[in-house]
Amino acid sequence: MTLVAVRVVGLVTVQDLGRPGRMHEALPAAGALVPELLIAANRAAHNPDGAPALEVLGQLVVRAARELEIAVDLAPASLRAGEERRIVSEPRRVTYLAVRGGIAVPRVLGGRATQLSAGIGSALRSGDPIAIADAAALAVPAARLELDVDAAIRIVPGPDLDAFPPDALARLIAGPYRISPRSDRVGTRLDGRPIPRLARVETSRPMVAGAIEVPADGMPIVLGPEHPTTGGYPILAVVVRADLGRCHAIRIGGLLRLALRA
């Protein structure tokens, strides 16, 4: 044991870049909610981009049992033995704590990410010990973090435009929407102007991260890394992959604006 979770408020999990290629086994890729921030923290700690780190959705206080090199997003730092550090996921919705060497967790089904929706691993709790892998520091390029959460999130229409009135896409773009406190790693829920649906039988089919599904109450949900592998709500649009990290980085209560990809 080289690090202790003194206090955990909210959701703190171990995340890497996920375990893609297992949708046929009902296992979404999962991984970091905002991969750009995970990569930035790992590079600042001189780790490989996909090294396991702690994803903080809330607050975390850790205490070092020995001297450690860490990074929170882009900011590297040192912790002396017995020193504590508080990590808060503000002003963004999420932040990452990387430790040089990476978090020592077993590889399960090709990844080291905690995947709560699939029953893999568990969230960190106050008092939990955190083991650090013994890996040499790497010479890695500095991360360039470009996460403008105020810019519009680009989307592509469909595939279920026929499940909505003709003006549904225009209503979605007109927004803006607020990030709901009911959001989680399964989906970012949006509060605002509801999107009406046409009467249609819902059928189960594959889902993807970034799909904007519309349940019966009309409040859109942007599917996250732990999205269900199948679902029945109609999909009005899909967030382009390049903008998905920015979308999930917007703080709870923050505004989200959508725009059609040029």
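Of all heavy-atom pairs between Asn42 and Asp49, the closest is ND2-O, 2.9 Å. The two residues Ala5 and Leu124 make their nearest non-hydrogen contact at CB-CD2, 3.7 Å. Contact detail for Ala237 and Ile155: the closest heavy-atom pair is CB-CD1, 3.8 Å.
Residues Leu68 and Ser78 have side chains not in contact (no heavy-atom distance under 4.5 Å, counting atoms from C-beta outward). Residues Arg86 and Gln59 have side chains in contact (heavy-atom distance under 4.5 Å, counting atoms from C-beta outward). For the pair Arg92 and Arg251, the minimum side-chain heavy-atom distance is 4.5 Å or more. For the pair Arg197/Val214, a side-chain contact is recorded, criterion being any heavy-atom separation below 4.5 Å from C-beta on. A 4.5 Å side-chain heavy-atom check between Pro157 and Leu260 finds at least one atom pair inside the cut-off. For the pair Arg63/Leu3, no side-chain contact is recorded, criterion being any heavy-atom separation below 4.5 Å from C-beta on. With contacts defined as side-chain heavy-atom distances shorter than 4.5 Å, the pair Val4/Asp128 does not qualify.
Of the residues listed (Val34, Thr188, Val239, Ile153), the one engaging Leu244 in a side chain to side chain contact (heavy atoms under 4.5 Å, CB included) is Val239, and it is the only one. Applying side chain to side chain contact (heavy atoms under 4.5 Å, CB included) to Val94 and the options Ile250, Leu37, Leu38 leaves one that passes, Leu37.
For residues 6-20, every residue pair satisfying the side chain to side chain donor-acceptor pair (under 3.5 Å) rule, not counting sequence neighbours, is listed here: Thr13-Gln15, Gln15-Arg185, Arg19-Gln115.
The CD atom of Glu213 sits 8.0 Å away from atom CZ of Arg189, with the distance rounded to the nearest 0.5 Å. With rounding to the nearest 0.5 Å, the separation of CD in Glu55 from OG1 in Thr114 is 9.0 Å. To the nearest 0.5 Å, the span separating CD1 on Ile87 from CG on Leu97 amounts to 4.5 Å. With rounding to the nearest 0.5 angstrom, the CG atom of Asp73 is 12.5 Å from the CD1 atom of Ile39. Here the CG atom belonging to Asp191 is positioned 11.5 Å from the CG atom belonging to Leu256, to the nearest 0.5 angstrom. Atom CG of Asn47 and atom CD1 of Ile70 lie 12.0 Å apart (nearest 0.5 Å).
Hydrophobic clustering (side-chain heavy atoms under 4.5 Å, transitive across Ile, Leu, Val, Met, Phe, Trp, Tyr) keeps Val186 apart from Val14. A single hydrophobic cluster is not seen to contain both Val238 and Leu169; linkage of ILVMFWY side chains at heavy-atom distances under 4.5 Å, directly or through other members, places them apart.
Arg257 contributes a side-chain N or O that, together with a main-chain N or O of Asp150, makes up a donor-acceptor pair within less than 3.5 Å. In terms of modelled atom types and a separation under 3.5 Å, the side chain of Tyr96 and the main chain of Val56 share no donor-acceptor contact. For Asp160 (side chain) and Pro234 (main-chain N/O), no donor-acceptor pair under 3.5 Å exists by modelled atom type. Using modelled atom types, no side-chain atom of Ser89 and backbone atom of Thr95 make a donor-acceptor pair closer than 3.5 Å. A donor-acceptor pair under 3.5 Å is absent between the side-chain atoms of Ser180 and the main chain of Leu190, judged by distance alone.
Asp148 and Arg246 are not joined by a salt bridge, as no carboxylate oxygen comes within less than 4.0 angstrom of a charged side-chain nitrogen. Using a cutoff of 4.0 Å between basic side-chain nitrogens and carboxylate oxygens, Arg80 and Glu67 are not scored as salt-bridged. Comment: Asp243 does not engage Arg261 in a salt bridge, judged by the lack of any side-chain N to carboxylate O separation of less than 4.0 angstrom.
Dense packing is recorded around OH of Tyr177, with more than 12 heavy atoms of other residues, nucleotides or ligands lying under 6.0 Å away.
Ser183 and Arg93 share no side-chain donor-acceptor pair at under 3.5 Å.
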